[in-house]
Amino acid sequence: MTALSEHTVPENPGWLHRCEAWLDSKGKGAWIAAMVLGFIFFWPIGLAFLAYMIWSKRMFSKSCSHRKSWQSHMSAMKPSGNSAFDAYKADTLARLEREQQEFESFLRRLREAKDKAEFDQFMDERARDNQNEAESGNPA
């Protein structure tokens, strides 16, 4: 690792360093929210946040926590090196995909049955109304 890519943490971090780490863990939105709140409560604080975000390249970079969390989700797709676990994972993923497809087809059939029931009810009411009009002698 290079010194540029590694962010060293002091042995006993101060409150500023802890605040910075907390905002980094929440992502760029937390930095922007802190800056906006700084402008609302006392404009020099908001200006200080803006200057720090530009100086530290937090404003225009895609770093913070989003890239790290995306990489952690993508690591689940990589083989682990344990063939038994990889086979189990592949079988489980295939089973989950099959169950999802079965559930989606069940929901589709359920929607179709509901639509058919509503349509049949509408047609029955319409036929009943037509029959009542015919019996009363008022043709439409």
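Everything quoted here is computed from the prediction, not taken from an experiment.
Atom CG of L107 and atom CD of E104 lie 7.5 Å apart (nearest 0.5 Å). Atom CG of N130 is separated from atom CD of E135 by 11.5 Å, given to the nearest 0.5 angstrom. Expressed to the nearest 0.5 Å, how far CZ of F39 lies from CG of L47 amounts to 5.0 Å.
Counting heavy atoms from C-beta on, the side chains of Q100 and L96 never come closer than 4.5 Å.
A salt bridge links R95 and E99; the closest N-O separation between the charged side-chain nitrogens and carboxylate oxygens is under 4.0 Å. Comment: D124 does not engage R128 in a salt bridge, judged by the lack of any side-chain N to carboxylate O separation of less than 4.0 angstrom.
Taken together through direct or relayed side-chain contacts under 4.5 Å among Ile, Leu, Val, Met, Phe, Trp and Tyr, Y52 and I40 form part of one hydrophobic cluster. Note: the hydrophobic cluster containing F42 also contains M35 (ILVMFWY, side chain heavy atoms under 4.5 Å, direct or indirect links).
Residues meeting the side-chain hydrogen bond (donor to acceptor under 3.5 Å, both in side chains) test with D86, sequence neighbours left out: S80.
Remark: the Q101 side chain and the E97 side chain contain no N/O donor-acceptor pair separated by less than 3.5 Å.
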